[in-house]
Structure formats: structure tokens, C-alpha cells
2 protein chains.
Amino acid sequence: MKNKSLLSQYSIRKTRPRLQIISVIGKFKNRHFSVEEVLKGLRRGKSKVSRASAYRAINLFSQKGLLRPIDLGKGFLLYERASQKSHHDHLYCINCGKIIEFKDQSIEKLQMKVCRKKRFHPKSHTLRITGLCKECL
Amino acid sequence: MKNKSLLSQYSIRKTRPRLQIISVIGKFKNRHFSVEEVLKGLRRGKSKVSRASAYRAINLFSQKGLLRPIDLGKGFLLYERASQKSHHDHLYCINCGKIIEFKDQSIEKLQMKVCRKKRFHPKSHTLRITGLCKECL
DNA sequence: TATTAATTGAGACTGAGTCTCAATTATATA
DNA sequence: TATATAATTGAGACTCAGTCTCAATTAATA
């Protein structure tokens, strides 16, 4: 079973709620999703996982490196499968909500340089550019 | 009166609640503050400004360019006087909560380059590096 | 299979922020 | 200065994401 081995791979104990959550997340493919969307997906599929457990599981998955949280400044977090792509940053269109991903090694390097200069030890960073995508102009 | 002229300067209609809010904000000096902190400051000073009005005023001030919101990913926004310093980004220490500001023109330029490549029209951006400051290691 | 430790569900709770709408107040004009 | 009009306010109910508690359940392990 694919989902079971996915959990062992990340040393996460296998429980029914967690497997159901993984399965819903699988349906999102590459789309970013919120915990509330996962909950809706569970309800649609008749899975009775509590709100508390969904939040707990998704936090755990993020801790363990299976998911990656994305903060678009919307007042709640989105998530994505961490393994599907490596770290990247986001352009976020205020008008249509589109998320454009980008990766820029030179920016990352300059960030490291800033940290060295300030003797700051980075754990993670968020770079989000908000504006209008080409379709929305 | 300094606060009154500050409001006219930004074409903001002068009302008692807004003047009281400006006065509380003045007391924070260069410190970043949340709306709830402003509310506390108002209560301490016996000013009876409603929660709704405080949020409305501070949003308006941000629109008009008097304040600048800062999103440290804490689940609520902080603000700072926009005029006191120009745009900058933040290092945020998870352990002690310290905020270290930095400005890096090369990073800004690379961001613009990314936007041009994606035909994206930036309105604002947030770059936040989270980690441990030198004191907290 | 029994033991032990981790996990779960229900729902109350929190905290930031928004909304409504009648009452108040600021500004523009006469 | 008085008045008309438009903007602003306050009270508190509400929303929404997320957390907490704790008894009951379930997973891993021996």
C-alpha cells in the first residue's frame, strides 16, 4: 500500500486518520491546499476525522518533512508535498489568487550572506511577492 | 498640533479616535506594534476607542502610507511608521522574538528581474528569514 | 495476546479581525 | 455661525483558523 509506506518512509506512525488524510492530499496533485480543504475532502469521502486530528496530522507531516507550509499572508497556511519539488518562493496574484513558483539561487545566496553578516542562523525563509499576474493587468 | 498635521499630511480626516491612536503609536517610538497593543495603550490612557475603529484606522493609515504592515508569520500583523525608515526586510529570531532589519539592494534587484521574467507586476513583497540570532545560539 | 504509549474525537475555547447599523461627528457650504 | 451631507464611530455579535482537554480508542512491542 503506497500511503502506508509513505508514512513509514517519514517515520510517522500509521493510523487510520493519517492514512485517510494522505489519501485526500494525494487527490490535490500539485495544488496547494489548506487544512480546511483537507477536512472538506475527508467529509466528502465520508471519512470522519476530527478537525483536531487533521490539524495535528498536518503539523506532524510538516515537522517530519513530508509537507511544506506556504505562507501567502492570507491569514492561514497552505501546504504542498515537500518531495515533489525542492524549495522555491512565490509570486502571488492579489486579483485571481494564482501562485507562480520561482527559484533563484542568487537570491538565496544573498540571503545567506545577509545572515552571515548579522551572525544570524537561518532555519527557514519566506519570500513572497504580491501583485498582479500578466493575465490580470 | 503635531498629530493633526500628520493626518492632514496623509489626507486623512481628523477625528478624535484617530488622533488618540496616533498619539499611542507615537509612544511606541521605533518599536513594531500590533493593533491589540494599540488598543491596550488606548485603554491605559482612558481613551474609549472601539476595537472596530482601531482596526479601521490602522488599516486606513496603512493604505495612506503612514504605516507599513509587517508580516512575521505570527498569525497577526505588526506595524511600523512608514516614514521613519524606508523599505527593509526582516530576520526574526524564533527564540527571543527579536526582529533584525536589513536592506539589500541586490536582492531587491533580483526580485524585480524575476518579476520581469514572469511578466508579474509586483505591488509589495515580504522577505522574512526565521532562525536564531547570535545571542540565542 | 497483553502491555504501554501514542493517538483520537467532540466540542469548548482562543485570538485576530470583520460586520452591522443606528447614533454621532467632521467638513463643506450658505 | 448654522445647516446639510457624508464619513465615522461604538457595541457587540460574528467569523474563521487554529488549539486544548481528557476520557476513550488504537497502534506498536514484547
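Throughout, a chain's letter reflects where its sequence line sits, starting with A, and its residues are numbered from 1.
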Engineer: Should we count CZ of Arg119(A) as having more than 12 external heavy atoms under 6.0 Å?
Structural biologist: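 No, the 6.0 Å shell around CZ holds no more than 12 heavy atoms from other groups.
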
Engineer: For Lys134(A), does the NZ atom sit with more than 12 other heavy atoms under 6.0 Å from it, leaving out its own atoms?
Structural biologist: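 No, NZ of Lys134(A) has 12 or fewer neighbouring heavy atoms, counting only those of other groups under 6.0 Å.
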
Engineer: For the atom pair CD1 (Ile12(A)) and CG (Leu66(A)), what is the distance rounded to the nearest 0.5 Å?
Structural biologist: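 Output value for this atom pair is 5.0 Å.
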
Engineer: One pair to check against side-chain contact (heavy atoms from CB on, under 4.5 Å): Lys103(A) and Ser86(A). What are the steps and the verdict?
Structural biologist: CA-CA 9 Å; Lys103(A) 202 184 287 196; Ser86(A) 57; 2.6 Å; yes

Engineer: Using a strict threshold of under 4.0 Å (side-chain N to carboxylate O), is an ion pair present between Asp71(A) and Arg128(B)?
Structural biologist: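 Yes, Arg128(B) and Asp71(A) are salt-bridged.
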
Engineer: Could you grab the distance from atom CD of Glu135(B) to atom NZ of Lys98(B), nearest 0.5 Å is fine?
Structural biologist: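 NZ of Lys98(B) is found 3.5 Å from CD of Glu135(B).
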
Engineer: Could you work out, with ring-ring contact (aromatic ring centres under 6.0 Å, His included) as the rule, every residue matching His125(B), not counting sequence neighbours?
Structural biologist: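 With sequence neighbours excluded, His125(B) shows a ring-ring contact (aromatic ring centres under 6.0 Å, His included) to His87(B), given in chain and number order.
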
Engineer: Would you grab the first and last nucleotide of DNA chain D (5' to 3') that comes under 4.0 Å of any non-hydrogen atom in chain B?
Structural biologist: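 In short, chain B contacts DNA chain D from dA7(D) to dG12(D).
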
Engineer: Between the main-chain N or O of Leu132(A) and the side-chain N or O of Lys123(B), is there a donor-acceptor pair closer than 3.5 Å?
Structural biologist: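 No; judged by distance alone, with no hydrogens or angles, the pair does not exist.
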
Engineer: Strictly below 4.0 Å, heavy-atom distances to any atom of DNA chain C: list the hits from residues 41-66 of chain A, or just say none.
Structural biologist: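 DNA chain C contact set from residues 41-66 of chain A: Lys48(A), Val49(A), Ser50(A), Ala52(A), Ser53(A), Arg56(A).
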
Engineer: So which of residues 13-39 of chain B are in contact with DNA chain D, with a heavy-atom cut-off of under 4.0 Å?
Structural biologist: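 Result for residues 13-39 of chain B: Arg13(B), Thr15(B), Pro17(B), Arg18(B), sorted by number.
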
Engineer: With the side chain counted from C-beta on, respond yes when Leu72(B) and His32(B) share a heavy-atom pair under 4.5 Å apart, and no when they do not.
Structural biologist: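 Leu72(B) does not reach His32(B) side chain to side chain.
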
Engineer: Could you tell me which residues satisfy side chain to side chain contact (heavy atoms under 4.5 Å, CB included) with Lys48(B), sequence neighbours excluded, listed by chain and number?
Structural biologist: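 None.
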
Engineer: To the nearest 10 degrees, what angle separates the axes at the start and end of the helix from dT1(C)-dA30(D) to dA30(C)-dT1(D), five pairs each?
Structural biologist: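 Roughly 30° between the end axes, to the nearest 10°.
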
Engineer: One pair to check against side-chain contact (heavy atoms from CB on, under 4.5 Å): Phe76(B) and Glu36(B). What are the steps and the verdict?
Structural biologist: CA-CA 10 Å; Phe76(B) 57 91; Glu36(B) 295 297 325; over 6 Å; no

Engineer: Stepwise, does the side-chain contact (heavy atoms from CB on, under 4.5 Å) test hold for Phe28(B) with Asn30(B)?
Structural biologist: CA-CA 6 Å; Phe28(B) 291 123; Asn30(B) 291 341; over 6 Å; no

